[in-house]
Amino acid sequence: MKITTFFGAVAAATMTAGFASAGTLDDVKAKGFLQCGVSTGLTGFSAADANGNWDGFDVAVCRAVAAAVLGDPQAVKFTPTTGKTRFTALASGEIDILARNTTWTFSRDVDLKFTFVGVNYYDGQGFIAPKELGVSSAKDLDGATVCIQTGTTTELNLADFFRTNNISYEPVPIETNAEALQQYLAGACDTYTTDASGLAASRATFENPEDHALLPEIISKEPLGPLVRHGDDQWADIVRWSLNALIAAEELGVTSANVKESAMQAGNNPEINRLLGTEGNLGEQLGLSADFAKNAIAAGGNYGEIFAKNIGESTPIGLARGLNAQWTDGGLIYSPPFR
């Protein structure tokens, strides 16, 4: 989801940007839990079950941070946010971290004064359409009605794509993803466009998902990742290196199944030793325990495990790694070294 910088959000973020210029770590420790902003419900990424228990790809990042900071992946309280409320919630201090399919952009980083700590999913805007519509490409959508969330960069991307390809469309404006899906399934629009991962996640919830096709075009770059407020470098470093620990662990072969054994049996790989805290003092430099990364990995597994469990090819969502493969496998997922 990609809400544009609009004046209200800018004003709210600017007024509250200095709310927590430092001290988030102390605040989290004092209250004994991490307050994490997530979506209002996107299957595979962040969704609550009937008992109110949250799970998903983005949720796993929050649990990893809680484990790194507090030693307990369950010490998290989740705040559902919409595209319009998420930035105010973070800027005001209502949440400590936003882990909600949010695109890293210049204006959000600089103007809204947020710090993106990394990318946990490389995405792009796509289209979904009923197979009975008989289209195999977004370029076949000349004259189509398109469900589109208002106030988003998706609107501009859509307009640019249709203009570039010299085709026309009729927008069907909607406010939320849930409303968009309702309208799309009711036939109020021929196609719906948003992040491709979101389309795949939503299709998995359809009664007959096989009746709907994800069209091949990806018309934008959408690097999604967790973010925190400007002004608290220590907290940004903690969240950043908790995410990096998950990524590095996959590359180094450290999993939820062997992380404790690997930490107990320091071997000849100094990178693993430093990652798991059996060598060096990286945890101390962050203001955390030596085993912060071990705890983060043990919470839900390494990056690959988290991907496979929540959104991978064996799940109903069925996403291939693609750009989100490790750099050693031709993808873009890459952690700076732990040294």
Discussion item. Which residue in the set Q35, E94, R100, R86 passes side-chain hydrogen bond (donor to acceptor under 3.5 Å, both in side chains) when paired with T79?
Written reply: Q35
Worksheet item: Do T102 and R108 touch side chain to side chain, with heavy atoms closer than 4.5 Å?
Response: yes
Worksheet item: Do L246 and F307 have side-chain heavy atoms sitting under 4.5 Å apart?
Response: no
Worksheet item: Is any side-chain heavy atom of T115 less than 4.5 Å from a side-chain heavy atom of R240?
Response: yes
Practice prompt. Kindly indicate whether the side chain of E170, heavy atoms from C-beta on, has any atom under 4.5 Å from the side chain of V146.
Written response: no
Worksheet item: Hey, what do you get for CG (L112) to OG1 (T88), rounding to the nearest 0.5 Å?
Response: 9.0 Å
Practice prompt. Report yes if some heavy atom in the side chain of F292 is under 4.5 Å from a heavy atom in the side chain of V69; otherwise report no.
Written response: no
Worksheet entry | Heavy-atom check, side chain of S256 versus side chain of E305, under 4.5 Å | yes
Practice prompt. Measure across I306 and G301 and return the closest heavy-atom pair with its distance rounded to 0.1 Å.
Written response: CD1-O, 3.5 Å
Item to complete: Identify whether the distance between the nearest side-chain nitrogen and carboxylate oxygen of K29 and D26 falls below 4.0 Å.
Response: no
Worksheet item: Below 4.0 angstrom, N of the basic side chain to O of the carboxylate: do D96 and K31 qualify?
Response: yes
Practice prompt. Sequence neighbours left out, what pairs pass side chain to side chain donor-acceptor pair (under 3.5 Å) with at least one residue falling in residues 321-338?
Written response: E250-R321, E250-Q326, E251-W327
Worksheet entry | Within-4.5 Å side-chain heavy-atom neighbours: L90 and L227 | yes
Discussion item. Determine whether the aromatic ring centres of residues F87 and F114 are separated by less than 6.0 angstrom.
Written reply: yes
Worksheet, complete the sentence: dist N295:CG -> L288:CG (nearest 0.5 Å) comes out at 9.5 Å
Practice prompt. Please confirm whether W241 and F338 have ring centers closer than 6.0 angstrom.
Written response: yes
Discussion item. For a 4.5 angstrom cut-off between non-hydrogen side-chain atoms, does N101 reach S39?
Written reply: yes
Worksheet item: Are Y169 and F161 near enough that their ring centres are under 6.0 Å apart?
Response: no
